[in-house]
Amino acid sequence: MKRIHCTPDDLMRIRIGPPLGAIGETILASRIVQRRDAVVFDGWRRQVLGAIPENFGVLADIVPPIGGHFLDLITPTRNAQPRSMAAGIEALHLASRDEIRNEVECLIRYRAENGVQPLPTWTSELSDRDGSARRDFAAAAEAFHSVAFAGRWAHIQSYLDSAAEQLARTLATEGVERMLAALRPFVRWHAPVLEISTNAHRHDEYLDGRGLVIVPSLFACPEPVLLMSTVDTDAPHTLIVPVVHRIGDFAAAWGPRPINEALIGLLGRTRAAALQEIAEGCSTTELARQLEISPATASEHASILRAAGLIESRRYRNTMRHEVTPLGAALLDGNLERGIRVA
């Protein structure tokens, strides 16, 4: 567990930052694809591993699957706020030599002190803007991005923008404590300490008036990521928080996809459409409205899908909320023979 100690000044300086952009999400996605414990991403991970680029090892060298200490190339590119992959690569090539050199040296020390495998020697050349190390990393990141996001980046970016706007709206209208409460179960607020759920040993971080920027992310999973500048000691820390709680969240972020004919043949057109809508997360009333059917018919379709193990339903106040199960997600617009779906 990480414990972030906040002063009253820090609380006044908590704000919601823009999403990471393509290169930041790509770096975090490269961690998830190497993990087997992130169940929500299982279908996506299997599909990506089937087409993993040959130069993915460049990413794996500096972004290991477990542990919060990876080579932070997100912070050095954040000021440029790169949204597209092309803008992210340009920001990487223009990133401060000193900042990247500091990041490499910090990680070398951490690995040495904790008995972790040393960084490969090529990372010492990352501080050289014109060297081959940055070009090789950029090429590996671009290749992996094209496979990992499969043309879905625009929708994912829009989804993360909406998540950031929602957090900012909650902060502005309901206050910092209500906004922090929205980050549970990954983050818990026990004044004056913000507790971050991690698998690491307990670690205390003191903001000392610098404040905190909170950024929603698709691939900051299964735990938030805390980053800080190595060159600007007055800069606020950045807390990257997951927006994915369950498989339905990932399906919503990934965006709607056409229903395949095999699934229609298996379930029928209306019931297949119902499964698609439920993958986005909905209530019985919302399902009826989207499919233009009666609530009673929508409830019947949901009951049959639930009995088949394709969805789960939970009552929330006066509504019944539905979400897709891993089995339902595997069937939905995927390869039925292999049982693989992106979400």
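Residue indices begin at 1 and follow the sequence shown.
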Taking Asp72 as the fixed residue, which of Leu227, Thr77, Ile100 is the one that meets the side-chain contact (heavy atoms from CB on, under 4.5 Å) rule?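 The option that passes is Leu227.
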Applying side chain to side chain contact (heavy atoms under 4.5 Å, CB included) to His203 and Met1, what does each step give before you reach the verdict? CA-CA 6 Å; His203 173 73; Met1 175 184 293; over 6 Å; no
The test is side chain to side chain contact (heavy atoms under 4.5 Å, CB included); show your working for Thr285 and Thr319 and say whether it passes. CA-CA 8 Å; Thr285 302; Thr319 63; 5.8 Å; no
Any side-chain heavy atom of [X] within less than 4.5 Å of one from [Y]?
| X | Y | result |
| --- | --- | --- |
| Ile4 | Leu207 | yes |
| Val225 | Ile74 | no |
| Thr123 | Ile62 | yes |
| Ile108 | Pro118 | no |
| His237 | Glu205 | yes |
| Trp254 | Ile156 | yes |
| Glu103 | Leu107 | no |
| Pro76 | Ser96 | no |

Apply side chain to side chain contact (heavy atoms under 4.5 Å, CB included) to residues Thr26 and Leu20 and explain how you reach the verdict. CA-CA 9 Å; Thr26 299; Leu20 297 178; over 6 Å; no
Any salt bridge between [X] and [Y], counting N to O under 4.0 Å?
| X | Y | value |
| --- | --- | --- |
| Glu286 | Arg321 | yes |
| Glu195 | Arg188 | no |
| Arg101 | Asp98 | yes |
| Glu125 | Arg134 | no |

Hydrophobic clusters here meaning ILVMFWY residues chained together by side-chain heavy-atom distances under 4.5 Å, can you tell me if [X] and [Y] are in one?
| X | Y | result |
| --- | --- | --- |
| Leu94 | Ile27 | no |
| Val193 | Val187 | no |
| Leu266 | Val324 | yes |
| Ile311 | Val39 | no |
| Leu287 | Met320 | no |

Run the salt bridge (charged side-chain N to carboxylate O under 4.0 Å, His left out) test on Arg314 and Glu312 for me, step by step, so that the C-alpha distance in whole Å, both residues' side-chain angles and the decisive distance to 0.1 Å come before the verdict. CA-CA 7 Å; Arg314 294 182 178 84; Glu312 293 178 346; 3.3 Å; yes
Heavy-atom donor-acceptor pair, [X] side chain to [Y] backbone, under 3.5 Å:
| X | Y | result |
| --- | --- | --- |
| Arg97 | Asp128 | no |
| Trp153 | Arg83 | yes |
| Asp9 | Arg210 | no |
| Asn102 | Glu99 | no |

In Å and rounded to the nearest 0.5 Å, what is the [atom1] to [atom2] distance from [X] to [Y]?
| X | Y | atom1 | atom2 | value |
| --- | --- | --- | --- | --- |
| Met179 | Thr173 | CE | OG1 | 11.0 Å |
| Cys6 | Ile14 | SG | CD1 | 5.0 Å |
| Leu183 | Leu239 | CG | CG | 7.5 Å |
| Leu49 | Gln34 | CG | CD | 9.0 Å |
| Gln290 | Ile278 | CD | CD1 | 11.5 Å |
| Arg78 | Thr75 | CZ | OG1 | 8.5 Å |

Using the side chain to side chain contact (heavy atoms under 4.5 Å, CB included) rule, take Ile32 and Arg45 through it: C-alpha gap first, then chi angles, then the decisive distance, then the call. CA-CA 8 Å; Ile32 296 298; Arg45 188 177 67 85; 5.6 Å; no
Which heavy atom in [X] sits nearest to a heavy atom in [Y], and how many Å separate them?
| X | Y | result |
| --- | --- | --- |
| Leu275 | Leu305 | N-CD1, 4.0 Å |
| Val63 | Phe70 | CA-CB, 3.9 Å |
| Leu28 | Ile240 | CD1-CG2, 4.1 Å |
| Ala143 | Asn55 | CB-OD1, 3.8 Å |
| Glu277 | Cys282 | O-SG, 3.9 Å |
| His322 | Ser313 | ND1-OG, 2.6 Å |

Kindly state whether the ring of Phe149 and the ring of Phe219 have centres lying under 6.0 angstrom apart.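 That pair passes the under 6.0 Å test.
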How far apart are the C-alpha atoms of Ser217 and Glu25, what are their side-chain angles, what is the distance that settles it, and do they pass the side chain to side chain donor-acceptor pair (under 3.5 Å) test? CA-CA 7 Å; Ser217 165; Glu25 286 293 334; 2.8 Å; yes
Asp204 CG: over 12 foreign heavy atoms closer than 6.0 Å: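 Atom CG in Asp204 is packed in, count exceeds 12.
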Audit row: Asp161, Ser158, side chain to side chain donor-acceptor pair (under 3.5 Å) steps and yes/no: CA-CA 5 Å; Asp161 285 340; Ser158 177; 5.7 Å; no
List the steps, then state whether side chain to side chain donor-acceptor pair (under 3.5 Å) holds for Gln157 with His155. CA-CA 5 Å; Gln157 184 172 262; His155 190 281; over 6 Å; no
